[in-house]
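Along the sequence shown, residues carry numbers from 1.
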Amino acid sequence: MTRDKALQFVNELENQFDKKAMEIEKGLAVELLKLHTLFFAMENEKYGEKLKKLATREELRDLRGSVKEVIHSLYSMLENIEPLLSNVFLNDTFKSIDETTLYKLVVLLERYGLTKAEYQNNQAVVGFFNTLIEQLFASSKGYDFTPDGLIQLMIQSLKPMKGSVYDGTAGIANILVSAYKYAKEQGKDITVYGQEMNEELYVIAKLNLFINNILPENGDIQLGDTIRDPKWLENGRIMQFDYIMMNFPFGLRDWGYEFVVNDPYHRFELYDWPPKSQGDYAFILHALASLKKEGKAALIVPFGTLVRGAAEERIRLTMLKDDVIESIISLPTNLFSGTGIQVALLILNKNKPSHKKRQSAIY
């Protein structure tokens, strides 16, 4: 039902805004997700009373010509109540969106979006949010989000039910959200941590964690380049986690080689440096350095990382000597839209059980 409503909303949105113009106007879809999140907060007992003193949804609809000023005040209040949302709502895309466009989004969301009662139903809020992302981002903006089936395979490989889960290339935080929900379904609690360097995806990730009631108590994501500028530090060192799940960008050429050769966090000094023209092992070694002594990681890797020679082969051999590779699961081609590259799931384990020591399973 919620999905049908979201699809109808997208149809009305495209009737109001030319689809090609929407693709060019990057900020429009992000501002829509922010408004959806604001309406969620307005019906939440923690935030609603204070926000509605500034304006209700109905009042926003009547503010043609001055809606941006009032929404600015609402966003400012929400960021003040929840400091982890600072600069998420009042960022550059909000500054650049014009008054008329913002007003149209408010009217469309009020007219065709969720009702007040539906905004009190978290499943409806999340379902609407996810459908908007699927329709407005995955197909039209070139983003390639991790398929849900692959996320579930990662989760089943690790079964995170305690401690911390980290994703250093978190995107919209869909892997972290799924891991958190899995633990909840088992009656357990985990804390999730993420980092993302693309500001648009970072904003969506923050909203995703917020509407799923993960942020602020049970998780957060930070903005920055994981290799050049890792944000999750502890006493000046790389913070370590119980579980790591990552689908990092494959084959990056400008990944930070110049930084790694003098890495102040010592993530690479026990291994060969990843090749300057290929950043895959930079992310793999970052994940390994971010694991606790008994930690496990599930990483989606291009198949080439398992067979290429030179520096990458030397890194693999050292990892095998250190006995941290538990298994490799070969996956089908065409898992990601726009590329037929073959990928695999690489499972790392710093504390392999005795019957798995000195061996790595290949599936």
For Phe89 and Leu74, what are the C-alpha separation, side-chain angles and deciding distance, and is it a side chain to side chain contact (heavy atoms under 4.5 Å, CB included)? CA-CA 10 Å; Phe89 292 94; Leu74 288 164; over 6 Å; no

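- A cation-pi arrangement is found for Lys68 relative to Phe94, the charged atom lying closer than 6.0 Å to the ring centre and inside a 45° cone about the ring normal.
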Verify side chain to side chain contact (heavy atoms under 4.5 Å, CB included) between Phe39 and Leu114, making sure each step is shown before the conclusion. CA-CA 9 Å; Phe39 285 9; Leu114 300 182; over 6 Å; no

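- Under a 3.5 Å cut-off, the side chain of Asp280 and the backbone N or O of Gly251 do form a donor-acceptor pair.
- Taking the ring centroids of Tyr119 and His36, they lie under the 6.0 Å cut-off.
- Taking 4.5 Å as the limit, some side-chain heavy atom of Arg3 sits within range of a side-chain heavy atom of Glu134.
- By the 30° and 60° cut-offs, the orientation of the rings of Trp232 relative to Tyr193 is perpendicular.
- Here the side chain of Ser178 pairs no donor or acceptor atom with the backbone of Ile151 at under 3.5 angstrom.
- In this structure, CD1 on Ile315 lies 12.0 Å from CG on Leu320, to the nearest 0.5 angstrom.
- Judged by distance alone, the side chain of Glu79 and the main-chain N or O of Val88 form a donor-acceptor pair under 3.5 Å.
- Looking at Asp229, its side chain never comes within 3.5 Å of a backbone N or O of Gly224 through a donor-acceptor pair.
- Crowding of Glu45 atom CD: a count of heavy atoms from other residues, nucleotides or ligands under 6.0 Å not exceeding 12.
- The shortest non-hydrogen separation linking Val165 to Ala179 is CG1-CB, 4.3 Å.
- Using a 4.5 Å heavy-atom cutoff, the side chains of Leu252 and Ile227 are not in contact.
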For Glu58 and Arg61, run salt bridge (Lys or Arg N to Asp or Glu O under 4.0 Å): C-alpha distance rounded to whole Å, both residues' side-chain angles, the deciding distance at 0.1 Å, then the answer. CA-CA 5 Å; Glu58 294 81 4; Arg61 185 171 177 171; over 6 Å; no

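- With rounding to the nearest 0.5 Å, the separation of CD1 in Ile71 from OH in Tyr103 is 11.0 Å.
- Aromatic ring centroids of Phe128 and Phe9 lie under 6.0 Å apart.
- Applying the 6.0 Å contact sphere to NZ of Lys321 captures no more than 12 heavy atoms from other residues, nucleotides or ligands.
- Side chain of Glu312 to main chain of Thr305: no donor-acceptor pair is present (N/O by atom type, distance under 3.5 Å, no hydrogens or angles).
- Contact between Val192 and Leu176 at its shortest, heavy atoms only, is CG1-O, 3.8 Å.
- The pair Lys5-Glu118 meets the salt-bridge criterion, with a side-chain N (NZ, NE, NH1 or NH2) lying under 4.0 Å from an Asp/Glu carboxylate O.
- Around atom NZ of Lys116, more than 12 heavy atoms belonging to other residues, nucleotides or ligands sit under 6.0 Å away.
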Before giving the answer on side chain to side chain contact (heavy atoms under 4.5 Å, CB included), spell out for Phe17 and Thr101 the whole-Å C-alpha distance, their side-chain angles and the decisive distance to 0.1 Å. CA-CA 9 Å; Phe17 299 95; Thr101 299; 3.8 Å; yes

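- Between Asp254 and Arg228 there is a salt bridge, since a side-chain N of the basic residue sits under 4.0 Å from a carboxylate O of the acidic one.
- In this structure, Glu234 does not pair ionically with Arg237, as no charged nitrogen and carboxylate oxygen lie closer than 4.0 Å.
- Looking only at side-chain heavy atoms (C-beta outward), Glu196 and Ile221 come within less than 4.5 Å of each other.
- Of all heavy-atom pairs spanning Phe303 and Ala344, the tightest one is CD1-CB, 4.2 Å.
- Side-chain contact check for Thr93 and Glu200: no donor-acceptor pair (N or O, by modelled atom type) lies under 3.5 Å.
- Trp273 is not listed as a side-chain neighbour of Asp263, based on a closest heavy-atom distance of 4.5 Å or more.
- Using modelled atom types, no side-chain atom of Ser76 and backbone atom of His72 make a donor-acceptor pair closer than 3.5 Å.
- Using a 4.5 Å heavy-atom cutoff, the side chains of Val301 and Phe248 are in contact.
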Quick one: do Leu288 and Lys350 satisfy side chain to side chain contact (heavy atoms under 4.5 Å, CB included)? Show the steps, please. CA-CA 8 Å; Leu288 192 59; Lys350 281 191 172 180; 4.0 Å; yes

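- Put simply, the side chain of Arg308 reaches to within 4.5 Å of the side chain of Gln278, judged on heavy atoms.
- The two residues Ser164 and Asp242 come nearest to each other via the heavy atoms N-OD2, 2.8 Å.
- In the displayed structure, Glu258 atom CD is contacted under 6.0 Å by more than 12 heavy atoms of other residues, nucleotides or ligands.
- The shortest heavy-atom contact between Lys52 and Thr56 is O-CG2, 4.1 Å.
- Side chain of Gln240 to backbone of Ala289: a donor-acceptor contact under 3.5 angstrom is found.
- Taking NZ of Lys162 as the start and CG of Asp189 as the end, the distance is 14.0 Å to the nearest 0.5 Å.
- Within 6.0 Å of NZ in Lys276 there are 12 or fewer heavy atoms belonging to other residues, nucleotides or ligands.
- Taking 4.5 Å as the limit, every side-chain heavy atom of Leu54 sits out of range of all side-chain heavy atoms of Val70.
- Counting only N and O atoms by type, the side chains of Asn218 and Lys184 include no donor and acceptor under 3.5 Å apart.
- For the pair Asn44 (side chain) and Lys46 (backbone), a donor-acceptor distance under 3.5 Å is present.
- One finds a salt bridge joining Arg57 and Glu110 here, because a Lys/Arg side-chain nitrogen approaches an Asp/Glu carboxylate oxygen to under 4.0 Å.
- Considering CG of Leu215 and CG of Leu84, their distance stands at 5.0 Å, rounded to 0.5 Å.
- Aromatic ring centres of Phe210 and Tyr47 lie closer together than 6.0 Å.
- Asn247 and Thr146 form a side-chain donor-acceptor contact under 3.5 Å, judged by distance and modelled atom types alone.
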Set out, in order, the CA-CA distance, both residues' side-chain angles and the distance that settles side chain to side chain donor-acceptor pair (under 3.5 Å) for Asp322 and Tyr271, then state yes or no. CA-CA 11 Å; Asp322 289 348; Tyr271 298 88; 2.9 Å; yes

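- The minimum heavy-atom distance between Met246 and Asp167, with the atom names listed, is CG-OD1, 3.4 Å.
- Glu99 is listed as a side-chain neighbour of Val67, based on a closest heavy-atom distance under 4.5 Å.
- Residues Tyr281 and Phe268 place their aromatic rings such that the two centres sit no closer than 6.0 Å.
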